[in-house]
A.B. asks: 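Questions regarding the structure given below will be posed in turn.
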Protein chains: 2
Amino acid sequence: MADYSNKEAQIAGYAKALAHPARVAIIQLLLKKQACICGAIVEELPLSQSTVSQHLKELKLAGLIKGDITGVKTCYCIDKAAWNKAKKLLTGLFSIPLINENCC
Amino acid sequence: MADYSNKEAQIAGYAKALAHPARVAIIQLLLKKQACICGAIVEELPLSQSTVSQHLKELKLAGLIKGDITGVKTCYCIDKAAWNKAKKLLTGLFSIPLINENCC
DNA sequence: AATATTAATCGTAGTTTTACGATTAATAAA
DNA sequence: TTTATTAATCGTAAAACTACGATTAATATT
């Protein structure tokens, strides 16, 4: 009956950012530094440039990445602070002990 | 250019299941066993019975929970195997070392 | 047998997401 | 200065998501 907690909303927010394979792929590319320039990311994905741009925008909106424009190119990278926060929240959820003494 | 990997799709799938605060709340309730019967879950959320049922269905579809009907009531609980798989995939993503020697 | 309870499903409306091509703005190269 | 490159944004269409009330099917209770 009560409203959601801040934590729940934040977890959901970060989960939402990772709720598309393209965005998971982008994050992995950035983590492993196999790509960083927008154009290179586009080449790695089976999507059009505009669609990839949209996914990058969503990741940026969620705070997980930031973009750095230099000249005509844009370099993206993980936002360390936000990434660590997401990690903390998500791993926190998964580390709740699961003792199955339930009905099913 | 190539297609997504299985792993990426699975991560995205589990993330999607957690991409709504109501579903995060449900998972937490089940983990902490503060609720289990559908009706009790409904009482804990600021949503109608039908909407909660829909969220439960999505979590079931993602494999994270299972429902056990006994009489007129339904008891839900975490699917241990799937939950552990999700945990492994998500924590795996978050445990990729983040060395920021990038452009930004 | 009639009524109540529980939870799934149906129908529906509004919103959001996803995807694309086309366009634009900015910088780089010729 | 003209042309090319890069990436964001716009416009748009289709699909998916979210929410609700109403209905339904099943079991419990009276």
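When reading the values below, keep in mind they use all heavy atoms of this one structure, side chains included, and skip hydrogens, waters and symmetry mates. In what follows, chains are A, B, ... by sequence order, proteins preceding strands, each numbered from 1.
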A.B. asks: Can you tell which of dA7(D), dT18(D), dA19(C) lies closest to the side chain of Arg23(B)?
C.D. replies: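 Among dA7(D), dT18(D), dA19(C), the one nearest the side chain of Arg23(B) is dT18(D).
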
A.B. asks: Looking at His55(A), I'd like to know whether one of its side-chain N or O atoms comes within less than 4.0 Å of OP1 or OP2 on dA19(C).
C.D. replies: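 Looking at the OP1 and OP2 atoms of dA19(C), one of them is under 4.0 Å from a side-chain N or O of His55(A).
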
A.B. asks: To the nearest Å, how far apart are Ile26(B) CD1 and dA19(D) P?
C.D. replies: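 It is 10 Å, rounded to the nearest whole Å.
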
A.B. asks: Using a cut-off of strictly less than 4.0 Å, decide whether Tyr76(B) has a side-chain nitrogen or oxygen near OP1 or OP2 of dT6(C).
C.D. replies: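 Looking at the OP1 and OP2 atoms of dT6(C), neither is under 4.0 Å from any side-chain N or O of Tyr76(B).
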
A.B. asks: Do you know the tightest heavy-atom contact between Lys80(B) and Leu98(A)?
C.D. replies: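 Closest approach of Lys80(B) to Leu98(A), heavy atoms only: CE-O, 3.7 Å.
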
A.B. asks: Heavy atoms from C-beta onward define the side chain here; which of dA7(C), dA19(C), dA19(D) lies closest to that of Leu47(B)?
C.D. replies: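 Comparing dA7(C), dA19(C), dA19(D) against the side chain of Leu47(B), the answer is dA19(D).
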
A.B. asks: For DNA chain C, whose closest nucleotide is more 5', that of Glu58(A) or that of Val72(B)?
C.D. replies: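 Counting from the 5' end, the first nearest nucleotide belongs to Val72(B).
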
A.B. asks: Counting only N and O atoms by type, is there a donor-acceptor contact under 3.5 Å from the side chain of Arg23(A) to the main-chain atoms of Ala17(A)?
C.D. replies: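 Answer holds: yes.
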
A.B. asks: Is any N or O donor-acceptor pair between the side chain of Gln54(B) and the base of dA8(C) shorter than 3.5 Å?
C.D. replies: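 Counting by modelled atom types and ignoring angles, no donor-acceptor contact under 3.5 Å is found here.
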
A.B. asks: Rounded to whole angstroms, how far apart are NZ on Lys66(B) and C1' on dA7(C)?
C.D. replies: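 Result: 20 Å.
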
A.B. asks: For dA19(C), does OP1 or OP2 lie under 4.0 Å from any side-chain N or O of Ser50(A)?
C.D. replies: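 No, Ser50(A) has no side-chain N/O under 4.0 Å of OP1/OP2 on dA19(C).
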
A.B. asks: Take atom CD1 of Ile65(B) and atom P of dA7(C), then tell me their distance rounded to the nearest Å.
C.D. replies: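 In whole Å, dA7(C) P and Ile65(B) CD1 are 13 Å from each other.
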
A.B. asks: May I have the distance from Asp3(A) (atom CG) to dA19(D) (atom P), rounded to whole angstrom?
C.D. replies: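 Spelled out: CG on Asp3(A) to P on dA19(D) is 11 Å.
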
A.B. asks: Quick one: does any side-chain atom of Glu44(B) pair with a main-chain N or O of Ile41(B) as donor and acceptor, under 3.5 Å?
C.D. replies: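 Not a single qualifying donor-acceptor pair exists.
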
A.B. asks: Is the shortest side-chain N/O distance from Ser53(A) to OP1 or OP2 of dA7(D) below 4.0 Å?
C.D. replies: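 No, no such contact exists.
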
A.B. asks: Once you round it to whole Å, what is the distance between P of dT27(C) and CD1 of Ile37(A)?
C.D. replies: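 To the nearest whole Å, that distance equals 16 Å.
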
A.B. asks: Keeping Thr91(B) on the side-chain end and Lys87(B) on the backbone end, is there a donor-acceptor pair under 3.5 Å?
C.D. replies: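 Such a contact is found between Thr91(B) side chain and Lys87(B) backbone.
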
A.B. asks: Has the side chain of Ser48(B) got a donor or acceptor that lies under 3.5 Å from a partner of the other kind on the base of dG21(D)?
C.D. replies: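 When only heavy-atom distances are counted, Ser48(B) does not reach the base of dG21(D) through any donor-acceptor pair under 3.5 Å.
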
A.B. asks: To the nearest Å, how far apart are Gln49(A) CD and dA4(D) P?
C.D. replies: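 It works out to 18 Å between those atoms.
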
A.B. asks: Hydrogens and angles aside, do Ser50(A) and Ser53(A) bring a side-chain donor and acceptor to less than 3.5 Å of each other?
C.D. replies: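 Ser50(A) vs Ser53(A): no donor-acceptor pair found between side chains.
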
A.B. asks: Whether Lys16(B) contacts dC17(D) is assessed here as follows: a side-chain N or O lying under 4.0 Å from the phosphate OP1 or OP2. Is that the case?
C.D. replies: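 Yes, Lys16(B) has a side-chain N/O under 4.0 Å of OP1/OP2 on dC17(D).
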
A.B. asks: With heavy atoms under 4.0 Å as the rule, sort Ile69(A) into base, sugar-phosphate or nothing.
C.D. replies: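 Nothing, no heavy atom under 4.0 Å.
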
A.B. asks: Classify the nucleic acid contact of Thr74(A) as base, sugar-phosphate or nothing, counting any heavy atom under 4.0 Å across all strands shown.
C.D. replies: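 Counting heavy atoms under 4.0 Å across all strands, the contact made by Thr74(A) is with sugar-phosphate only.
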
A.B. asks: Rounded to the nearest Å, what distance is computed from the CG atom of residue Asp68(A) to the P atom of nucleotide dT27(C)?
C.D. replies: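 One finds 14 Å between P of dT27(C) and CG of Asp68(A), rounded.
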
A.B. asks: What's the closest nucleotide to the side chain of Lys57(B) if the choices are dA7(C), dC20(D), dT9(C)?
C.D. replies: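 For Lys57(B), the side-chain atoms sit closest to dT9(C).
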
A.B. asks: Rounded to the nearest Å, what distance is computed from the CD atom of residue Glu43(B) to the P atom of nucleotide dA7(C)?
C.D. replies: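 My rounded result for the distance is 10 Å.
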
A.B. asks: Determine whether more than 12 heavy atoms belonging to other residues, nucleotides or ligands lie under 6.0 Å from atom CD1 of Ile96(A).
C.D. replies: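 Enclosed: over 12 neighbouring heavy atoms sit under 6.0 Å from CD1 of Ile96(A).
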
